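Protein chains get the first letters and strands the later ones, always in sequence-line order, with residue 1 at the start of each. What you see is a predicted model, and the numbers here were worked out from it, not measured in a lab.
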2 protein chains.
Amino acid sequence: MDHATINLDARARTLLRTLIESYIRDGQPVGSRTLARSSGLSVSAATVRNVMADLEDIGLIHSPHTSAGRIPTPAGYRLFVDSLLEVRNPSPEEVRAIQSGFDPNASTQDLMDTTSNLLSRVTRMAGMVRLPRHRNVALSQIEFLRLGEGRILAILVIDGKEVQNRVLELERDFGQDELQRMANYLNAHLAGKSLHAVRAELLREMRDVRDDLDAMMLAAIDLGEKAVGDEDPDDVVVAGQTHLLGYEELADMERLRQLLEAFNEKQEILGILDQCIRSDRVQIFIGRESGLDWFENCSVVTAPYSVDGEVVGVLGVIGPTRMSYDRVIPIVDVTARLLGSALGDPTNESR
Amino acid sequence: MDHATINLDARARTLLRTLIESYIRDGQPVGSRTLARSSGLSVSAATVRNVMADLEDIGLIHSPHTSAGRIPTPAGYRLFVDSLLEVRNPSPEEVRAIQSGFDPNASTQDLMDTTSNLLSRVTRMAGMVRLPRHRNVALSQIEFLRLGEGRILAILVIDGKEVQNRVLELERDFGQDELQRMANYLNAHLAGKSLHAVRAELLREMRDVRDDLDAMMLAAIDLGEKAVGDEDPDDVVVAGQTHLLGYEELADMERLRQLLEAFNEKQEILGILDQCIRSDRVQIFIGRESGLDWFENCSVVTAPYSVDGEVVGVLGVIGPTRMSYDRVIPIVDVTARLLGSALGDPTNESR
DNA sequence: GTCAGCGCTCCACTCGGTCGAGTGCCAGAA
DNA sequence: TTCTGGCACTCGACCGAGTGGAGCGCTGAC
């Protein structure tokens, strides 16, 4: 396939680009006459037909039936977004709309919500945001609360603002005063370090220094490890799914159901987003490329967002394959940047 | 309208009932011949036609066009569910399916999730559960954690298993040891009492005894009042919205969009459910009766659920007006009962 | 390599006709 | 008075034929 793209001469590329742009705009198969006229080239419709026949052989376009116009195949879209597309700069209004949506004082959860809402509102498709990994956020404080026989509540305060609760089931029972002392010990040792570091340290101490510590400290370390142990839950925030009902190419009810179901389950969405987290720029999945059958006629545009140079999450939109990539891509891109800086914003960290 | 229902003789009622049952089953307008045959009455089609003409005059049925059969109007459905419907007992499998879904050890939130999932799975429509009011649950414990300058985290443990976090912004700053003492004071006074009682007591103490207490106690009461003060957030759990895509009478995309949007916003759903909380049995909204335009072609079946004799919430389903009320009503009913007892189950309260 | 032209294909649309379900009404029976 | 059979009529669903138009592939000329 790849060598085929190289074989395309300038004229064929122009025609393919014009064809796809036209189809994206109108949603109608485009015929040779229209294409000849709108391409800007001074060639006749017959010539265009020849070129189109070639493109069809390569598998970039196809006609739904004899004597209809041509529409792009997934491979055609692929080539289009990879090397033919000229992305517009996002319009100033759009940038402003996105920018003004970010409240630098909001909690992380709120930021995620607004972001996916913004994405879906501006693009009129479904927006989604993968929650940031908390690898390098600082543990501010850890506390334990006895709930009942062998059940204690661990409270982690992160970055001085996020609070996480975890209920631990233990075999041994601890009194509240014991718990208090263990928390004090852990806080003294670990407060201010990143969760990642905390975890590593606890594991190391459990292995190395168990002889040097009294039973209480040992229990404290054990408890701390249990409390920080679990990764934060994988999650993704989705918004604006209902926009997808508006696109007639997605009008098949059964398909649509599966699609919305996937948004509810979130599992598959997560899978897709996680595929993108290693990339450092906008990525695009077209149709079934993501591996899910029911993504036919859908495309996904994602971009990772980073704080202090480290990628911490991914966001993106899902819409019909026939979408305005030139408009959507920069929107996703700029949103990712703005989210990254909102998360890393000092005004956000200070409180 | 009401006197009209009284004017109906037995035959007309039978015919209306058969007509609606038939329409609910097949989704087709039903004509006089079919109706005459399936009603069980020994009357001719012509007679049936006369009766139908009367029913149409009263506004209980209408034909979509000349010489199609008749279909029920909302008023017809209303009369049907009010006085013609014979509800089946829920089938044993259904009861078992529902019953086995309840895990008596689950947290309230999990219970809500499973319940709405159950409702939607068993009825194949959208299920929803209004979160229970916590009016008479016991406060087990209250703790405070200093997050930063003037920001403290209040942790309420309720019923020995639910945990609620609330961040309070205060004008004055407290040290952690002060907070500890205040928590001790509050726990000593209030633990074990219902949230409702706690709140009342705190308010009373603030008014009455401020002279007798030192500043610390006063601050503690103030703090406690702030922590328990807010009502728990209004919320509703929804599941299985996607089932609604399967019903062709809801196939209008624009309508469907509004409907799903409403599920996302939850506000309107809340409104509907709250209308039902005063009732003590199954309630039904047909079409626009709930006051929302876009509920055309939809009906809502709700039932309140109670713990220890007090109604604490509502659950229900939303589906097409043309639904099997005789099957859905008992399902909703029995689910409400089972949820109530799962919430009140002593095995649930003990841990 | 490009282009005009021809013949062909296929879709979308319209038109007329038929069929069947169902209605409304009427006159006669019970 | 109530019921019933019969009749004329209406309307939607379906079918098939016909038509116009868009668009293709191919070919022969330049």
Side-chain angles (χ1 to χ4, degrees), chain A residues 7-16 18-73 76 248-249 251, chain B residues 7-16 18-73 76 248-249 251:
Chain A
N7 281 346
L8 286 188
D9 61 8
R11 194 176 61 183
R13 295 163 67 88
T14 309
L15 286 175
L16 179 59
T18 319
L19 186 148
I20 297 185
E21 281 168 357
S22 161
Y23 180 68
I24 285 177
R25 195 175 343 102
D26 307 331
Q28 297 295 330
V30 6
S32 53
R33 195 202 315 272
T34 335
L35 190 51
R37 227 174 280 146
S38 61
S39 69
L41 304 176
S42 45
V43 293
S44 76
T47 310
V48 170
R49 280 202 283 280
N50 289 329
V51 178
M52 284 165 106
D54 294 344
L55 292 176
E56 182 151 18
D57 286 344
I58 310 179
L60 298 177
I61 58 180
H62 88 286
S63 26
H65 55 81
T66 342
S67 128
R70 305 304 219 291
I71 63 177
T73 61
E248 64 220 69
E249 55 262 55
Chain B
N7 281 346
L8 287 187
D9 61 9
R11 193 176 61 181
R13 295 165 67 91
T14 309
L15 285 175
L16 178 60
T18 319
L19 186 148
I20 296 185
E21 280 168 356
S22 161
Y23 180 69
I24 285 178
R25 197 176 340 102
D26 308 331
Q28 298 294 332
V30 5
S32 52
R33 195 203 314 272
T34 334
L35 190 52
R37 228 173 280 147
S38 61
S39 69
L41 303 177
S42 44
V43 294
S44 77
T47 310
V48 170
R49 282 201 281 281
N50 290 329
V51 178
M52 283 165 108
D54 294 344
L55 292 176
E56 184 152 16
D57 287 343
I58 309 180
L60 297 177
I61 58 181
H62 87 284
S63 26
H65 56 83
T66 342
S67 126
R70 305 305 219 290
I71 63 179
T73 60
E248 63 219 72
E249 55 262 56

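Straight-line distance from the CG atom of B:Asp26 to the C1' atom of C:dA21: 15 Å, rounded to whole Å. As a whole-Å value, the separation of B:His65 NE2 from C:dG20 C1' is 12 Å.
Taken together, the paired segments of DNA chain C that extend over three or more consecutive Watson-Crick or G-U pairs, each closer than 3.5 Å at both contacts, are C:1-30 with D:1-30.
Chain B approaches DNA chain D within less than 4.0 angstrom (heavy atoms of the protein), and the contacting nucleotides run 5' to 3' from D:dC3 to D:dG12.
Inter-residue side-chain proximity for B:Thr47 and B:Arg11 is flagged as met; some heavy-atom pair is nearer than 4.5 Å. Between B:Leu19 and B:Leu15, every side-chain heavy-atom pair lies at or beyond the 4.5 Å cut-off. Side-chain contact between A:Ile71 and A:His62: present, with at least one pair of heavy atoms (C-beta onward) separated by less than 4.5 Å. The closest side-chain heavy-atom distance from A:Met52 to A:Leu35 is below 4.5 Å.
Contact record, B:Ser39 with B:Ala36: OG-O, 3.2 Å, taken as the closest heavy-atom pair. B:Asp9 and B:Ala12 get closest at one heavy-atom pair: OD1-N, 2.8 Å. For the residue pair A:Ser32 and A:Arg49, the shortest heavy atom distance occurs at OG-NH1, 3.1 Å.
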Given protein heavy atoms under 4.0 Å, the one-letter contact record of nucleotides 22-29 of chain C, with B base, S sugar-phosphate only and - none, is simply BBB-----
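When the shell of 6.0 Å around CD of B:Glu249 is examined, it contains more than 12 heavy atoms from other residues, nucleotides or ligands.
Taking OG from B:Ser38 and CZ from B:Arg33, the interatomic distance works out to 12.5 Å, rounded to the nearest 0.5 Å. Taken to the nearest 0.5 Å, the OG1 atom of A:Thr73 stands 8.0 Å off from the CD1 atom of A:Ile20.
The phosphate of C:dC3 (OP1 or OP2) has a side-chain N or O of A:Thr47 nearer than 4.0 angstrom.
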